[in-house]
Amino acid sequence: MYEWNEAVQQMIDWLDAHITETPTLLEMSKQIGYSPYYCSSRFHAITGVTLKNYMAARRLSLAAEALRDTDARILDIALNYGFSSQQALTRAFVYAYGCTPAAYRRNPGPIPVSMKKEVLFPEYYEQGDRNMEKTILTEAKVRVEYIPAHKYIAVRDAQVQAYFPFFERHNCDEICGGCRTTS
């Protein structure tokens, strides 16, 4: 099953790279090496959203970001992110965010945007057929050690803000009292 997560992640990466174009399922499936049917069904099974809805949400989010961050015309933004017209962007924007693109541009507030999905994380293996294979799981080894109470001495250098530059300026043996190893 892990190979499908990798394939779906490749689909997501490919879709995000071609988001301003008009990518088709056939083009994407050729890039991934699976049939369009399997790409579509596995994408939905692993991400929980259809390819069409994922692309629509990502395009609308990127259009909202462009409205907020650029001075481009709303029509240009709409066409750039795959909407057929400014009216199509406005309909989708009002449905998703409750305001028009022009109103959002005048007063950009927080809106729920669709982020790029990442499906190669363990939480995607916790449900149903997404379980990790038992062959790649190993038993965790736990070791508890008791350290006796000790005093703490802080050594500071006002000219250094990090650990490694500190020891580049100072002799480790002088600061730490030499290297001591215990078994």
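What you see is a predicted model; the values in this text were computed from it and never measured.
When atom types are taken as modelled, the side chain of His18 and the backbone of Trp14 share a donor-acceptor pair closer than 3.5 angstrom. Judged by distance alone, the side chain of Arg58 and the main-chain N or O of Asp16 form no donor-acceptor pair under 3.5 Å. Judged purely by atom type and a 3.5 angstrom limit, Arg105 uses its side chain to pair as donor or acceptor with the backbone of Thr70. Judged purely by atom type and a 3.5 angstrom limit, Ser40 has no side-chain atom pairing as donor or acceptor with the backbone of Tyr37.
Aromatic ring centres of Tyr97 and Phe93: separated by under 6.0 Å.
Contact of the Ser29 side chain with the Ile32 side chain is not registered, since no non-hydrogen atoms from C-beta on lie closer than 4.5 Å. Cys99 places a side-chain heavy atom less than 4.5 Å from the side chain of Tyr104. Using a 4.5 Å cut-off on side-chain heavy atoms (C-beta onward), Leu89 and Leu60 make contact.
Criterion: ILVMFWY side-chain heavy atoms under 4.5 Å apart, direct or through other members. Under it, Leu79 and Leu62 are not part of a common hydrophobic cluster. By the criterion of side-chain heavy atoms lying less than 4.5 angstrom apart, applied directly or through intervening Ile, Leu, Val, Met, Phe, Trp or Tyr residues, Met28 is grouped together with Tyr38 in one hydrophobic cluster.
Taking NE2 from His44 and OH from Tyr54, the interatomic distance works out to 14.5 Å, rounded to the nearest 0.5 Å. Between atom CG of residue Leu67 and atom CD of residue Glu65 there is a gap of 10.5 Å, rounded to the nearest 0.5 Å.
The number of heavy-atom neighbours closer than 6.0 Å to CG of Asp69, taken from other residues, nucleotides and ligands shown, is above 12.
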